[in-house]
Number of protein chains: 2
Amino acid sequence: MNDGVDSWIANEFSGVCPVRDLLDRIGDKWSVMVVLRLGRGTERFRALLRAVDGISQRMLTVTLRALEADGLVHREVFDTRPPSVAYSLTPLGVSLLVHISALANWAMEHESEVKEAQAAFSAKTAKAAGEH
Amino acid sequence: MNDGVDSWIANEFSGVCPVRDLLDRIGDKWSVMVVLRLGRGTERFRALLRAVDGISQRMLTVTLRALEADGLVHREVFDTRPPSVAYSLTPLGVSLLVHISALANWAMEHESEVKEAQAAFSAKTAKAAGEH
DNA sequence: CGGGATCCAGCCTGATACTG
DNA sequence: CAGTATCAGGCTGGATCCCG
C-alpha cells in the first residue's frame with residue numbers, strides 16, 4: 001500500500017511535492033471545516049458563516065475563494081434581491097471529502113488515546129524537570 | 001457514512017471540536033511529512049533531517065516533540081557516543097498514517113485536475129478584471 | 001446579503017549560535 | 001550527534017469599514 005510514498009518526501013528531481021501542495025492548500029485553519037460542512041449539501045454564504053463556528057466573514061470568503069480556485073467548491077450566484085450565493089462541493093471536492101471524513105472519524109475515535117498520551121507526556125517531562 | 005459529521009463543525013455544548021484539534025496538531029507545516037517519512041520505518045534524527053526536504057533542525061525537534069506528546073511517535077535514546085536517538089511511529093501513529101497516506105495518494109492522483117481548475121479559475125478572474 | 005479593502009497584532013518559522 | 005536558546009521577519013487571520 002505504501003509503494004510510491006518514498007518519492008513524496010524528498011524529491012531530488014523536482015522542487016515540488018504534491019503532498020506539500022495539498023497541505024499548503026487545505027492545511028490552513030478553515031478549509032477542512034468548510035469542506036466537511038459542505039459535505040452535508042449546498043449552503044449559502046450566511047448559513048456557512050453561522051455553521052462554521054468561530055470563522056470570520058473575511059476568512060470564510062478567502063477560504064471559499066481558494067477552494068473554488070482549486071476546483072473543490074462550486075459557486076453559484078443568484079441574481080435575486082437581496083443577493084444570494086450558493087456553495088457546494090464539486091465531484092473533485094466530494095472525492096476529497098471521503099478522505100477528510102476518514103481523518104475526522106479517526107480524530108473522534110482516538111481522541112481519548114491522544115489525551116492520555118498528552119497527560120503521560122507532560123507528567124514525564126514535569127518529573128524530568130523536577131530532577132533537573 | 002457521514003452520520004455524526006454534523007456535530008463536528010459547530011458544537012453548542014462544548015467549545016472543542018476533535019477535528020479542529022487534529023488540524024491544530026498535524027495541520028502545521030511539517031508534521032504530516034515527518035509521519036509519512038517515519039511510515040517507512042524507524043529513523044534517527046540526522047537521517048530525518050536529511051530526508052525531509054527543507055526542514056530546519058529546530059522545526060524537526062519541535063515537530064517530533066509535538067508528535068511524541070500526542071502519542072504518535074516513539075522516541076528512544078541510546079546512550080552511545082556520539083549520542084543516538086531513534087524515532088518511530090507508535091501503533092497510534094500507524095493508524096493515522098493509513099489515512100494520511102490515503103490523502104497523499106489523493107493529492108497525487110488529482111494533481112492535474114487541481115492544476116487545470118486553477119488555470120481555469122485564474123483565466124476566468126483575469127477576464128472579469130479586464131471587463132471591470 | 002455577499003462581499004472587497006485596509007490595518008494590524010500575534011504566532012510560526014528560519015537563521016544562527018551555543019551546549020552536552 | 002542531538003539537541004537548546006535567542007532573535008527577527010513574514011504570513012495568517014481577526015476587526016473594522018465600505019460598497020453593490
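Every chain is numbered from 1, with letters handed out A, B, ... down the list of sequences.
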Test side-chain contact (heavy atoms from CB on, under 4.5 Å) on A:T90 and A:V73 and set out the steps. CA-CA 5 Å; A:T90 63; A:V73 160; 5.6 Å; no
Do the side chains of [X] and [Y] join up, straight or via other hydrophobic residues, at under 4.5 Å, putting them in one cluster?
X: A:V85; Y: A:I55; answer: yes
X: A:F121; Y: B:Y87; answer: no
X: A:F78; Y: A:L48; answer: no

Mind listing the residues from residues 57-65 of chain B sitting with a heavy atom below 4.0 Å of DNA chain D? Number order is fine. B:Q57, B:R58, B:T61, B:R65
Ordered by number, residues from residues 72-85 of chain B within less than 4.0 Å of DNA chain D (heavy atoms) are B:R75, B:P82, B:P83, B:S84, B:V85
First and last nucleotide of DNA chain C touching chain B, 5' to 3', heavy-atom cut-off 4.0 Å? C:dT13 to C:dG20
Checking side-chain contact (heavy atoms from CB on, under 4.5 Å) between A:V34 and each of A:L72, A:I26, A:L64, which is the one that passes? A:L64
Just checking, is any N or O donor in the side chain of A:S84 or A:R44 under 3.5 Å from an acceptor N or O on the other one? yes
Among all residues two or more places apart in sequence or in another chain, which pass the side chain to side chain donor-acceptor pair (under 3.5 Å) test with A:S88? none
Please check if the side chain of B:S95 supplies one atom and the backbone of B:L92 the other of a donor-acceptor pair under 3.5 Å. yes
I'd like to know if the side chain of B:T61 reaches the main chain of B:Q57, judged simply by a donor and an acceptor atom lying under 3.5 Å from each other, with no hydrogens or angles considered. yes
Among all residues two or more places apart in sequence or in another chain, which pass the ring pair (Phe, Tyr, Trp, His ring centres under 6.0 Å) test with A:H74? none
Compare side-chain N and O positions of B:Y87 against OP1 and OP2 of D:dC1 and report whether any pair is under 4.0 Å apart. no
Can you tell me how far P of D:dC1 sits from CD of B:E43, to the nearest Å? 14 Å
Round to the nearest Å and state the distance from B:K29 atom NZ to D:dG10 atom P. 14 Å
Intermediate values then yes/no, side-chain contact (heavy atoms from CB on, under 4.5 Å), B:V114 and A:R25: CA-CA 11 Å; B:V114 170; A:R25 208 171 304 119; 3.9 Å; yes
Quick one: are B:R37 and B:M33 in side-chain contact, heavy atoms under 4.5 Å? no
Considering only heavy atoms from C-beta outward, does the side chain of A:L22 approach that of B:W106 to under 4.5 Å? yes
Terminal axes of the helix from C:dC1-D:dG20 to C:dG20-D:dC1 (five pairs each): angle between them, nearest 10 degrees: 40°
